[in-house]
Amino acid sequence: MSIGTPKQPPTNTTSASAEVADRNPVDRGVKRWQLRFPKALRTPLGFIGAIILSIWLIVAVFAPLLAPFNPLAQDFPRLSAPGGENLLGTDTLGRDVLSRLIVAARTTLPAAVFVVICSAVLGSVLGAIAGYFGRAVDEIIMRIADLVFAFPTIILAMVIAAALGPGLKNAIIAILLVSWPSYARVTRSLVMSARNSEYVVAGRLLGFSAGKSLIREISPNVLSPVVVLATLDVGSAILTMAGLSFLSLGVVPPTPDWGAMISEGVSQFAAWWIAFFPGLCILTIVMAFNFIGDSLRDSLDPHTAQEVGETTS
Amino acid sequence: MTTTTTTEDSPRASKDPLLELDNVSCEYKLNGGGRFRAVSNVSLQLGHSEVLGLVGESGCGKSTLAKLICGLEKTAGGTITFESHPVKPLGLGRRPKNLLGVQMVFQNPYASLNPRRRIRDQLTDALTLDPKHNWTVESLLEAVDLPVDAAQRFSHSFSGGQRQRIAIARALAAGPKVLVGDEPIASLDAFLQARIARMMRDLAIDSGASMIFISHDLSVVRDIADRVAVMEAGNIVEVGSTEQIWNDPQHPYTKKLLAAIPKVDGKGIIPG
Amino acid sequence: MSMISINDLNLSVTTGKVEKHILRNVSFDLEAGEITGVAGASGSGKTQTGLAIMGLSPAGAQLSGSIDFDGTELVGMPAKVHNRLRGVQLSMVFQDPASAFHPMLTIGDQMTDHYRHHTKASKKDAIERAVHILERTHVPHPDEAIGKYPHQFSGGQLQRIAFASAIICEPNVLIADEPTTALDVTVQAGILRLLRELCDDLNLAVLLVTHDFGVLSSVADTIVVMKNGLVVETGDREPVITAPKHEYTRSLIESLPGAEVSR
Amino acid sequence: MSVSTTDSSTAHPPSSDEAQRIKPPLLPPLLRYILIRIGISLILIWGVTVVTFLMTNLVPTDPVAAILGDRAAADPEIVAATRERLGLDQPLIVQYFTYLSNLLQGDMGVSNQTRTPVLQSIGQVFPASIELGIGAILISVIIGLLLGLASALKQNTILDHAIRALSLIGISAPTFWIAAVGYYVFFFKLRVVPGAGRLDPWITPPPRVTGLYTVDSLLAGQMSTFINAFGHLILPSCVLALFTIGLLTRFSRSSVLDIIRLDYVTAARAKGLPARTVVFKYIFRGALVPIITVVGLAFGSLLSGAVLTETVFAWNGLGQYAFRGATTLDLPVIMGVGLVIGIVYIIVNFIVDLIYGFVDPRVRVR
């Protein structure tokens, strides 16, 4: 065989060698990890999460078709209860709650995914640089991260959003600024431990520069945990965004937004539906991301992949 | 075995050492503050086509010494020269070309291969370094007794012994002049240890390289080394030919170490 | 009569739909005052045999066959009953002394908690006894050692403390799972001497699990060789090592540097 | 940079002949540890002041306009005078030092809306939030740890799956919504909890000592006031705790699972100790160290939650103050609250680090 032969899928255990089959638990983790990553959603929670998320995706994509009424039109009697023409009732200005809920998915979902992708990329690039190059770069990046961690998330987001002024764009900037450090921390520690692992050192001894070993050897091994973190983080981004809207620092009225709708409904106890349904929307969608993220995390965790009886002997 | 009877410096080694450590020291920062002198004033020479066994117990500084030789650790004094090039600590850039002749095989077989890359790719990385093109991926795998189809696989489908052989193959592929084995057999079953150690020696010597073989197990080192250096608490306490160390140890620590090895004779005698 | 008599012991673990046989028809005896060494490569089932005697087989494991302990059947014994035997009559020492102790509890606490539980002794009496036992296992300054934490000891000393903790309730059986593998050679000899001494003085039935024939050659009285969950050879120390009957045993011993196998 | 770690294991003390290889540290380990923690906390607090200062000064909208209102802002002379009065004509660095020295003298500025000094208002409302926070943290630590422990010990059973699903739902719900729903159900519909506020309106607050109504009423011997204050505390702290219960349950489950497979647990079982001793003395104690750290972080989520929920309960605390500030874009108020919460959070985490240092003998003794 020459180096140029087309690559075949990795064959498992049936080798010609008579040596005892592999029993290293960590190694098991890696193996199952590669096999199971796409299958990770086959756990009950992951499955439920995937279904809820797909429903929400459909709702967001087809919102204009699904929404029964114009979400901005104040066409109906104010504060009419659910049932009848307005399935989920109307708000204080006589707008259809259901239509507003459906249309709001179109802002929340893409904004949350967008902010998470941005902060994951920004955070993990900074973290990888800090972790691999160390010293001054590391100090500067991680001290800034520490400073962000010195505030509870929503508090700092509130401070930033207030300084920038209300609005979806500014809310996204605020959330981006507060959420990149967790990726930086995770990536940094992953890169640092990978940097010292023997296969990376062996590569360095073969003459790889730091940058080449970071890209070629380390990054594939760091990617999956970051993806898991990002999945879980979409949920918290949605929550933070809703929190900012609740504080009137997010999406500006009259654009429909779940957090702002709750804020509006909180003072209207007789009209419970105004606040109840948007909360339910937030809950289900955040739950979906958390369920999926949790299942992904489980499938990466060497502990859960470890089988009973593999650890001994 | 090619051993010379003179102690300290074999004539080959002193004439034109391939690798020379002169008064080398190394210190670590301790976690709670303070410093730990892991290696202190070590001088050693390695000749051409020679296997030097470096023996000592845990914490004696032998692994640190291996890292120093590869430029993976900073010296706190002294010089290391390989083929008259000074060994400098590895920074962010590529390792200097003239130092690529020093390669290492690590202790933990489960960490020494990249789990996300095929064996072929990892061997090819090393092959490109060797100007002489002595090896191909296939001939390397053959040399370490692995089936040729191993090249297409990922590390997880191999046992510890197999992985260690792949790691040896990768180090060899680079065409090293000095192969450093940092406890390469310590994580393996006792029954595999001697086999892998002998394989390392044969492959290194056959390819014209020298080897520094680090181990806590004197009986394995006796089997494969031409000379042995005994290390205790950061110092080299005795260097000599394998015969001399084994049959006529001078330093009390060497004697203690030898006396502690249990003999596989079925006599029921507890050593020491 | 044997202290422990293992007959046709089978152990399998089912994960998902795959049933994995870890032990197959394992039979051998442990005699009081003797060290029985179990040798084998990793994955041979030698550790699982020891854990089965202790009743610490992994969750989901199915055990069949018989382990007769001085007239009591251990296979199928209710967990609570087995727990009353552990630490009192059956005790165990582990491979890595650094991880076998809780890092946040003092040595004295960890040596005496089971003793106090099993014998209802007072704290003061228990500590006194612990000091006495530490002396017995040659731990320097036992009265100071009682108040220290595990990280303040070297590996060899911790293993001596582990032995002390194992014999504090005067057990009949001691399972030693690779007790010297994590230690340096020079420390190993001392631990082996201690093991021999305790076995002889306390008339313990010792099961010594190891992959090191050097260790077996030094202290074992009888040797059991295992491969893939099967016992391939059983016999007295010297004949097994110098004239192994089974090809596998021979290959294991021949693979060692410095072994002298007669042909 | 050297590529490899300094993996000199410090697990075991060196033997006598190795002692000379060690240069001992200058300070005893625990003192060194504490000093480092104090240093880090002080630096962080300083950093927090920089952040709030920069946020105040990076505002795209002119702060002068915000203060003066539209009409006065149209007059350039008044604007210039105000700028000078506020020191806004100074370089940024000078402004920062003015800001810092004001802060050190307890001046956090004046609310744009109410014209009351921010620090004074925060001082008034702070105890209310502390009371709520303590209630919530107690509930979440107790319930979270127990659920996590149960879930881990019964791994992969129905109980485990149920607890995991519930804890995931717990961290998925927006706290302010849970607050509204809880208030609606338990007060508006069921009437099992008292209504909004810290006390029923007809009850006079106890004489102020700590500012915590439950504590102060007990100090004053007013049992009925205490019961009333306590009743008012129940729902808000439970709502607030919900998120942190989920957080702590998940974290303690995974720490216990990490510990459960360690050798020392098997060793403890091999000693024939009763299950309850193995669980509480060995497993739980081992898991506690990482859990303590997370309790500090959980406190941060509680503070965030408070800002979002207090309004719903008309709980006159920091959260409600911040909410009012945020909805009216009252910048000095928002920055003041951010600053205070940041500092409190740093102090809490400092205390957590200290506890950690004392709990773990590996930090304490060498």
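Source: prediction; values computed, not measured. Hydrogens, waters and symmetry mates are skipped; everything else that's a heavy atom, side chains included, is used. Lettering of chains follows the sequences in order, A, B, ..., and the numbering in each one begins at 1.
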### Task
Examine F323(D) together with F246(A) and report whether their ring centres are nearer than 6.0 Å.
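Ring-ring flag for F323(D)/F246(A): true, centres closer than 6.0 Å.
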
### Query
Side chain, backbone, both or neither: which part of L249(A) has an atom under 4.5 Å from a heavy atom of chain D?
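The side chain, not the backbone.
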
What part of [X] is in contact with chain A, defined as an atom under 4.5 angstrom from a non-hydrogen atom: side chain, backbone, both or neither?
X: L302(D); value: neither
X: V51(D); value: side chain
X: L44(D); value: both

Identify which of [options] forms the greatest number of heavy-atom pairs closer than 4.5 Å to chain A.
options: R324(D), H161(D), R164(D); answer: R164(D)
options: N156(D), T328(D), N349(D), I171(D); answer: I171(D)
options: P174(D), G300(D), A173(D); answer: P174(D)
options: F176(D), Y184(D), F188(D), F299(D); answer: F176(D)
options: A180(D), A179(D), G47(D); answer: G47(D)
options: L297(D), I169(D), L303(D); answer: I169(D)

Is a donor on one side and an acceptor on the other found under 3.5 Å between the side chain of [X] and the backbone of [Y]?
X: T249(D); Y: I245(D); value: yes
X: S295(A); Y: G46(A); value: yes
X: D330(D); Y: Q113(D); value: yes
X: R37(D); Y: F350(D); value: no

### Task
Using side-chain contact (heavy atoms from CB on, under 4.5 Å) as the criterion, point out the one residue from I351(D), I40(D), I43(D), I45(D) that pairs with I346(D).
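Among I351(D), I40(D), I43(D), I45(D), the one meeting side-chain contact (heavy atoms from CB on, under 4.5 Å) with I346(D) is I45(D).
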
### Task
Look at V266(A), I160(A), I155(A) and state which one has the largest set of heavy-atom pairs under 4.5 Å with chain D.
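The answer is I155(A).
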
### Task
Name the option with the most non-hydrogen atom pairs under 4.5 Å to chain D; the candidates are P152(A), G243(A), A242(A), S248(A).
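With the most close heavy-atom pairs to chain D, the winner is P152(A).
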
#### Entry: Any residue of residues 335-345 of chain D which, by heavy atoms, sits under 4.5 Å from chain A
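Heavy-atom contacts from residues 335-345 of chain D to chain A are M335(D), V337(D), G338(D), I341(D), G342(D), Y345(D).
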
Between [Y] and [X], is there a side-chain heavy-atom distance shorter than 4.5 Å?
X: L214(A); Y: F133(A); result: yes
X: R297(A); Y: T231(A); result: no
X: S179(A); Y: T153(A); result: no
X: R250(D); Y: L168(D); result: yes

### Query
Quick one: do D138(A) and R135(A) make a salt bridge, cutoff under 4.0 Å?
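Looking at R135(A) together with D138(A), the answer is no, because their closest N to O distance does not fall below 4.0 Å.
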
Give the table of side-chain donor-acceptor pairs shorter than 3.5 Å for residues 273-293 of chain A, with sequence neighbours excluded, one pair per line with atom names and distance.
from	atom 1	to	atom 2	distance (Å)
W273(A)	NE1	S80(A)	O	3.4
W273(A)	NE1	T90(A)	O	3.0
T284(A)	OG1	W56(A)	NE1	3.1
T284(A)	OG1	L280(A)	O	3.0
T284(A)	OG1	C281(A)	O	2.9
N290(A)	ND2	S172(D)	OG	2.9

